[in-house]
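Beneath this line is the structure, given in structure tokens, with notes to follow.
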Amino acid sequence: MTSNLAPDNTLVQPLLTDLYQISMAYAYWKADKINDHAVFDLFFRKNPFGGEFTFFAGLEQCIKFLASFHYTDSDINYLRETMPKCTDEEFFIFLKSVTAKDISLYAIEEGTVVFPRVPLMRIEGPLIVVQLLETTFLTLVNFASLMTTNAVRYRMAAGDKISLMEFGLRRAQGPDGGLSASKYSYIGGFNGTSNVLAGKMFNIPVKGTHAHAFINSFTGFEELKSKMLKRYDSSESEDLLAKSIEWRKKIAPLLKCSVDQASDGELAALISFAIAFPQNFVALIDTYDVSRSGLLNFSAVALALNDLGYKAMGIRIDSGDLAYLSEIARKLFIRIADDFSVPWFADLMIVASNDINEETIWSLNEQNHKINCFGIGTNLVTCQKQPALGCVYKLVELNKSPRVKLSQDANKMTMPGRKDVYRLYGSDGYALCDLLQRSCEPPPEVLTRVLCRHPVNPVKRAHATPSKVESLLKLFWKDGCVCMPHEDWASIEVIRNRVRSSLLTLRQDHKRNLNPTPYKVSVSDNLFGYINDLWMQNAPIGDLS
Ligand SMILES: Nc1ncnc2c1ncn2[C@@H]1O[C@H](COP(=O)(O)OP(=O)(O)OP(=O)(O)O)[C@@H](O)[C@H]1O
Ligand SMILES: O=P(O)(O)OC[C@H]1O[C@H](OP(=O)(O)OP(=O)(O)O)[C@H](O)[C@@H]1O
Ligand SMILES: O=C(O)c1cccnc1
Ligand SMILES: [Mg+2]
């Protein structure tokens with residue numbers, strides 16, 4: 001194992017599983033199923049957030065888990081103590097020898113848009129080993145895919161021109177929830193995070209402003225130990241406080257307010273922050289009153305900085321009516337740009353935060369907000385709208401014979417057998433449907449008509465003549481080695497770009513918010529017959545009495 005194949009989180013190890021996997025492993029072993037060969041599918045049944053699409057993520061971590069999969073002596077000792085006393089000692093010797101070298105992992109590329117019932121991963125190998133991977137694979141894929149999908153939805157709401165920052169670590173579901181949220185938000189299209197460790201680990205841009213505490217920590221000018229700042233273009237220092245006070249007097253009439261209403265403590269705090277960060281000055285302006293104090297104090301300091309040759313970055317608003325406040329801020333900045341001949345002032349960045357969710361962004365869009373950047377925490381990282389994705393892991397074939405899980409609900413029945421997945425594209429470049437076939441069938445061909453059947457409903461059928469056919473399941477791991485170039489599966493930038501390009505292949509009606517059209521996931525005629533025969537063979541015939 002090379003170091004770059006270690007999982008991101010050291011908690012990702014074979015005992016990060018449900019006990020029943022190990023219980024089954026023992027019972028399989030006792031039942032002499034050690035040489036049985038299994039095929040499992042990992043898939044979900046329903047798209048999250050009331051949408052009609054999902055983005056697949058977490059694959060890189062699954063591959064890293066495979067690369068490091070083995071039980072340590074201490075794991076074995078713990079299991080020996082935990083399992084019933086009568087557990088055969090030979091089993092622990094067997095377990096110590098287990099690795100993922102006989103596993104084959106086929107998967108859809110991370111960052112691809114995916115749909116219900118489609119196997120995202122097909123895992124093949126010794127039954128015992130494939131079974132032992134279930135829970136860890138699910139925990140690696142479920143949150144990663146949910147989080148990526150959530151981030152994509154926020155990006156769709158905000159549009160491409162707005163910057164999106166993830167601010168959720170403090171509210172996330174623990175350290176791994178927070179770190180994963182930062183990583184998969186970026187993959188889903190956020191521009192950066194406030195989470196410093198995520199920045200270091202994943203090379204994601206880290207950015208931020210300051211909190212109300214910084215403003216509250218000053219009450220007046222007398223607390224300013226330093227008020228001098230060196231000019232950008234020389235070693236000469238000037239009094240930033242005196243300049244800011246002068247500017248405050250000039251700007252107050254533009255806001256139709258009086259200087260007396262503005263907080264001196266806030267101005268002192270902003271001056272201190274500007275002295276610390278003269279080239280990256282951002283100010284939180286809602287501690288006392290946005291229009292009577294915050295905007296005035298910020299603009300005064302920004303113009304004083306301008307006198308010294310520095311360009312301020314912008315403001316953050318964290319309460320109140322964000323559309324209205326962004327509008328008055330932008331109006332003021334444009335007015336200052338014109339009145340005082342500082343053209344860049346018109347484009348100052350306006351960051352908005354405070355309990356923002358997807359709906360808030362849609363609503364702010366309707367109100368014609370003037371925000372350039374949303375800082376989003378709680379609702380993003382906790383996936384408040386839907387906190388879990390229901391990926392499952394099902395046995396579909398054992399020793400080349402199909403296996404099926406029946407259900408009262410036809411939609412919940414598993415699709416037996418080893419299957420391949422093809423995405424068919426129309427001549428306009430959009431995806432038409434996904435087609436599942438038995439692996440023994442020849443792949444669909446470009447410009448050749450293919451019958452696509454609904455997996456359950458026999459009357460729902462359609463012909464497709466694809467302009468392009470893409471085989472979605474690719475071999476990522478075999479014979480103990482990764483079979484894909486490192487860039488393709490392990491580069492966060494490649495995966496992030498894949499999300500973007502994959503989203504573009506999805507027709508607008510599948511993406512709209514209200515009543516989106518379900519994307520078609522079909523089966524070949526051959527697979528339809530095969531599945532339905534198996535369902536019939538396996539479903540008991542009831543007695544009416
Ligand atoms: N123009 C707007 N349209 C729709 N939603 C908005 C708008 N402005 C703000 N919001 C949202 O409304 C909520 C306002 O939160 P809340 O009622 O707690 O007020 P607040 O401004 O935070 O008050 P406080 O000053 O006490 O913190 C937030 O979720 C925010 O994202
Ligand atoms: O609102 P979220 O989407 O979770 O975004 C992050 C929030 O975290 C920070 O303050 P915090 O909420 O800790 O305190 P505050 O609301 O009292 O400012 C920040 O000021 C945002 O309001
Ligand atoms: O940098 C910020 O403004 C920030 C970071 C985390 C949470 N809230 C705000
Ligand atoms: Mg808040």
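Residues: numbered from 1 along the sequence shown. One-based numbering, in listed order, for ligands and for the atoms of each.
- Taking every heavy atom of G208 and a limit of under 4.0 angstrom, the matching atoms of ligand 3 come to 1 (O).
- At a 4.0 Å heavy-atom cut-off, ligand 2 touches D318 through the side chain alone.
- Between E238 and the choices K230, K227, R231, the salt bridge (Lys or Arg N to Asp or Glu O under 4.0 Å) rule is met once, by R231.
- Every N/O-N/O distance between S353 and ligand 2 stays at or above 3.5 Å.
- Residue, atom and distance of the protein heavy atom nearest to atom 14 (O) of ligand 2 are R171 NH2, 4.1 Å.
- Using a 4.0 Å cut-off between charged side-chain N and carboxylate O, E60 and K64 make a salt bridge.
- For atom 7 (C) of ligand 3, the nearest protein heavy atom (residue, atom name, distance) is R170 NH2, 3.5 Å.
- Looking at ligand 2, you won't find any N or O of N379 less than 3.5 Å from one of its N or O atoms.
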Pairwise, report which nitrogen or oxygen atoms of ligand 1 are under 3.5 angstrom from protein nitrogen or oxygen atoms, and how far apart they are.
{"from": "ligand 1", "atom 1": "1 (N)", "to": "D321", "atom 2": "OD1", "distance (Å)": "2.8"}
{"from": "ligand 1", "atom 1": "1 (N)", "to": "Q367", "atom 2": "OE1", "distance (Å)": "2.8"}
{"from": "ligand 1", "atom 1": "3 (N)", "to": "Q367", "atom 2": "NE2", "distance (Å)": "2.9"}
{"from": "ligand 1", "atom 1": "8 (N)", "to": "G320", "atom 2": "O", "distance (Å)": "3.4"}
{"from": "ligand 1", "atom 1": "8 (N)", "to": "L322", "atom 2": "N", "distance (Å)": "2.9"}
{"from": "ligand 1", "atom 1": "21 (O)", "to": "G320", "atom 2": "N", "distance (Å)": "2.5"}
{"from": "ligand 1", "atom 1": "22 (O)", "to": "N354", "atom 2": "ND2", "distance (Å)": "2.6"}
{"from": "ligand 1", "atom 1": "29 (O)", "to": "D355", "atom 2": "O", "distance (Å)": "3.3"}
{"from": "ligand 1", "atom 1": "31 (O)", "to": "N354", "atom 2": "O", "distance (Å)": "2.7"}

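- Residues H210 and F273 bring their aromatic ring centres within 6.0 Å.
- The presence of a protein heavy atom under 4.0 Å from atom 17 (O) of ligand 2 is ruled out.
- Here's the thing with F167: none of its N/O atoms is less than 3.5 angstrom from an N/O atom of ligand 2.
- Near S194, the atoms of ligand 3 lying under 4.0 angstrom from a non-hydrogen atom of the residue are 5 (C), 6 (C).
- With respect to E246, the salt bridge (Lys or Arg N to Asp or Glu O under 4.0 Å) criterion is satisfied by exactly one of K243, K249, K250: K249.
- Salt bridge annotation for R498-E110: absent, with no cationic side-chain nitrogen under 4.0 angstrom from a carboxylate oxygen.
- Here the side chains of F374 and H369 are in contact, with some heavy-atom distance below 4.5 Å.
- At a threshold of 4.0 Å, the pair D434-R423 counts as salt-bridged, since one of the basic side-chain nitrogens sits closer than that to a carboxylate oxygen.
- Side-chain contact check for F345 versus F340: every heavy-atom pair is 4.5 Å or farther apart.
- For atom 3 (O) of ligand 3, the closest non-hydrogen atom on the protein side is T209 OG1, 2.4 Å.
- Only the side chain of R316 comes within contact range of ligand 2, with a heavy atom under 4.0 Å; no backbone atom does.
- Shown here are the side-chain hydrogen bond (donor to acceptor under 3.5 Å, both in side chains) partners of E327, two or more places apart in sequence or in another chain: K370.
- If you check which protein heavy atom lies closest to atom 8 (N) of ligand 3, you get F167 CD1, 3.6 Å.
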